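Worksheet: one structure, shown below.
Order of the sequence lines sets the chain letters (A, B, ...), proteins ahead of strands, with each chain counted from 1. Everything numeric in this text was worked out from a predicted model, so none of it was measured.
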Amino acid sequence: MIATINAEVDPTRLPALVVIGMAIFFGTIFARLFQLIRIPQVVGYIFIGLLVGQSGLNLMDLESVNDLQPFSFFALGIIGFLIGGELHRDVFRKHGRQLLAVLFGEGLGAFILVFVLVGAVAFVITNNIAVSIAYAVVLGAIASATAPAATVNVLWESKAAGPLTTTVFAIVALDDALALVLYSIAASIAAILLGTETSGFATTLARVAWELLGGIALGAAIGVILNFVLRKAGEHENALALTIGAVALVAGSARLLGIDMILAAMTLGCVIANLAPRRSKRAFEVVERFTAPMFALFFVTVGAQLNVGGMPGWMWAMAVPYLAGRTIGKLVGSRVGARLSAAPKSVTRYLGFCLLSQAGVAVGLSITAGHRFGGEFGTAIISIIALTTFVVQIVGPPCVKHAIHLAGEAGLNITEDDLMQEHTVNDMVDRGAPEFLRGTSLNQILRTISQTQATAYPVTDTTGGLAGVITFEGLKESFGSESLTHWLVAYDLMEPAPDVVHENMPLCDAVSRMRDHHIEFLPVLAKDSSDLIGMLELRTVTRRLSEEVMRRKQLADAGS
Amino acid sequence: MQLSDYLPLEHIIMLKASTKDTALAELVQLLVKADPKLDFDGLIDAIHQRENMLSTGIGQGMAIPHVRLKGVKRAAMAVGVVREGLSDYESLDKAQVHVVIMIIAPEGHHDTYIRLLAEVAEVLKEDELREAVIHAQTPEEVYNVLCAGSS
């Protein structure tokens with residue numbers, strides 16, 4: 001048995017599981033390191049991909065990457081599904097016109113500028129008008145695509161919310177379809193120009209229609225079924241398994257039927273989110289928890305596939321006008337579209353910077369072109385897109401992050417748990433909380449308590465150390481006799497503190513300690529000593545966190 | 001709450017002491033005799049520590065020294081009557097102390113402890129009962145007054 005297993009292992013190649021493990025494990029470590037220096041995690045994933053892939057150590061060769069294709073498709077399906085989930089009916093109803101204007105602005109802006117610049121440079125290089133136009137039209141079409149995954153990942157990482165965020169979600173979802181339409185038309189024109197045309201224009205259009213409409217139909221059909229099944233199934237585990245299953249089914253079937261996979265997955269997410277907004281929230285939440293390793297795997301393989309070595313000089317020369325045209329086209333195009341449709345200022349100013357990433361869709365289209373045209377033209381398209389993808393994947397995500405921060409939308413889509421991660425006990429401790437010396441009389445204690453809001457009061461000894469706490473609950477017993485107020489002191493009434501925390505402890509740890517042990521308050525000690533500095537009350541922490549969440553939500557809503 | 005649950009007859013004595021310290025020591029001794037697991041030194045220290053914060057001489061001839069302490073397994077009381085009075089007790093009304101009611105409780109028994117203190121204070125609020133205790137001739141008389149007066 002062991003011999004049989006060993007016999008199946010090809011010693012020259014890493015087994016797929018090792019590659020997956022490496023991609024997720026090291027990808028995540030690098031992403032974390034990059035995050036520490038404030039660079040979006042996507043860049044970290046791609047960087048490790050480049051390092052182990054064809055452009056680097058070649059530990060993960062093209063065949064290994066191909067082994068992972070089903071996982072990559074699945075990851076892309078999950079990403080598409082989650083993006084679809086952000087597309088609520090209200091967004092289209094409220095901002096439909098604006099979205100269309102921006103979409104055509106940025107998509108056609110990139111297309112036109114790349115067409116002109118690449119065409120000119122290609123003509124200088126090839127001195128052949130037909131070939132130059134073929135390059136210009138195909139690369140122009142590919143330029144209109146934006147990488148939804150890389151962009152959206154930064155939005156999630158930045159906890160963004162607001163009009164710019166909403167617009168970016170919608171645009172990256174939609175311009176996939178636009179790029180597909182443009183590319184199909186462009187490829188047909190290029191085929192005619194290059195004389196490799198095998199099928200007619202009408203056939204090409206029919207195939208595009210099939211890819212797009214088929215994608216929407218498949219996603220919608222499985223979405224309706226999933227919605228029905230989710231309604232019947234109750235528990236969390238079921239929701240995860242069913243949703244993941246549906247996504248895999250959509251992604252796999254789309255590949256099988258030759259229809260647009262991301263579009264299908266987005267439609268699935270969109271249908272679920274709009275048919276049952278509240279119930280589907282749970283489905284999205286469980287899937288979201290599943291995304292981190294998927295993202296790692298997907299982007300590491302994207303990085304590993306890029307081969308930027310061994311390109312002839314003229315291809316490098318064509319990459320420059322492509323990059324310039326695409327960047328300027330997206331920036332100017334989105335600005336013009338936003339202004340024409342009277343979009344909010346943050347959208348007009350910063351949207352372009354959020355649309356620079358290019359990855360899966362562009363690389364996919366370039367590979368399609370490579371297959372279709374072959375020869376030098378095909379290789380050039382693949383190489384130029386690989387090189388420029390490398391550049392914009394390093395530059396694009398930080399641009400998104402920066403734009404979101406400038407627009408003031410970072411950190412607005414935040415939960416109380418997220419906020420807790422940002423704070424230490426020190427930020428929430430009540431330093432002004434009254435404290436009593438051990439000998440303070442009950443009379444004095446009652447007078448003080450009647451003027452304050454706290455539910456627990458620390459008692460200190462003569463050196464300022466914590467001796468115990470007096471709680472409202474514990475005081476109640478002393479109300480049994482009026483005469484006690486004259487001769488009982490804090491020492492008689494205090495109880496041992498249930499626990500203590502130091503001021504530098506992360507707030508989330510302190511809160512989970514209180515919740516786990518059903519404690520309403522904790523005395524807080526100075527960082528490196530046992531001196532009491534104040535009290536932490538669960539009630540106060542919860543109130544302040546929810547006020548902050550509310551404030552940020554109002555800020556995000558106010559922008560739209 | 002029944003004081004008799006915490007105050008058996010043998011915990012009531014007519015004190016020979018003439019000072020606060022000896023009176024407190026006699027009562028602690030009584031409690032330790034009834035429960036040998038109690039630590040005399042620890043208990044008397046804790047009682048004194050509490051007295052140093054504020055005297056438990058609550059006035060009108062009464063004193064209620066009290067403490068919660070680790071090592072005490074159940075709440076208990078001891079009562080001593082001093083016919084001649086203790087003049088060094090530093091009562092809140094500066095008057096002599098004639099009756100010393102000691103209450104001890106385990107550290108975690110906050111509720112029982114405060115309830116016992118409140119109950120004793122309530123009984124002694126009645127002039128008639130208080131006078132009866134001060135002038136009692138035997139432990140039985142003290143027992144009958146205190147335990148009959150509690151609800």
Side-chain angles (χ1 to χ4, degrees), chain A residues 434-449 454-500 517-523, chain B residues 1 3 45-70 75 89-95 97 100-127 129-130 149-151:
Chain A
E435 55 183 69
F436 302 114
L437 280 168
R438 290 190 306 181
T440 312
S441 72
L442 177 54
N443 236 336
Q444 177 62 43
I445 293 171
L446 291 176
R447 258 205 304 278
T448 308
I449 287 180
T455 54
Y457 300 82
V459 178
T460 53
D461 56 28
T462 43
T463 62
L466 179 72
V469 285
I470 291 178
T471 63
F472 223 78
E473 205 49 39
L475 267 186
K476 270 200 299 198
E477 294 299 335
S478 71
F479 300 160
S481 172
E482 234 176 88
S483 57
L484 291 181
T485 54
H486 304 296
W487 51 273
L488 281 194
V489 293
Y491 182 75
D492 302 323
L493 297 159
M494 73 185 194
E495 296 168 74
D499 202 347
V500 290
H517 298 109
H518 306 286
I519 308 171
E520 290 297 315
F521 61 88
L522 280 173
Chain B
M1 177 175 256
L3 288 184
D45 275 356
I47 290 280
H48 280 302
Q49 207 186 349
R50 170 60 185 85
E51 289 301 320
N52 288 340
M53 290 175 201
L54 184 72
S55 170
T56 56
I58 65 170
Q60 297 178 310
M62 298 289 143
I64 310 181
H66 55 274
V67 75
R68 260 176 313 173
L69 199 65
K70 253 187 214 155
Y89 209 101
E90 297 170 310
S91 272
L92 298 179
D93 63 356
K94 316 275 188 237
V97 165
V100 183
I101 303 175
M102 184 174 280
I103 297 175
I104 64 168
E107 199 178 33
H109 290 202
H110 178 77
D111 293 359
T112 314
Y113 177 61
I114 301 292
R115 252 182 258 159
L116 264 180
L117 288 168
E119 184 63 32
V120 171
E122 279 302 290
V123 172
L124 297 179
K125 218 167 65 182
E126 305 290 331
D127 294 343
L129 296 179
R130 197 174 58 240
S150 70
S151 53

Item to complete: Among the options V120(B), I58(B), N52(B), I64(B), pick out the one with the most heavy-atom pairs lying under 4.5 Å from chain A.
Response: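 Looking at each option in turn, the highest pair count goes to I58(B).
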Worksheet item: Does A467(A) offer a backbone N or O that forms a donor-acceptor pair with the side chain of D461(A) under 3.5 Å?
Response: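 Looks like no, no N/O pair under 3.5 Å.
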Worksheet item: Considering only heavy atoms, which portion of L92(B) lies under 4.5 Å from any heavy atom of chain A: side chain, backbone, both, or neither?
Response: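 Contact with chain A: side chain only.
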Practice prompt. Check whether any side-chain heavy atom of L475(A) sits under 4.5 Å from a side-chain heavy atom of L442(A), and report yes or no.
Written response: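 Yes, close enough: below the 4.5 Å cut-off.
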Worksheet item: P498(A) versus V469(A): any side-chain heavy-atom pair under 4.5 Å?
Response: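 Result yes, sub-4.5 Å side-chain heavy-atom pair found.
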Worksheet item: What part of L437(A) is in contact with chain B, defined as an atom under 4.5 angstrom from a non-hydrogen atom: side chain, backbone, both or neither?
Response: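 Neither part.
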Worksheet item: More than 12 foreign heavy atoms under 6.0 Å from CD of E495(A): is that the case here?
Response: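 Atom CD in E495(A) is crowded, with more than 12 foreign heavy atoms closer than 6.0 Å.
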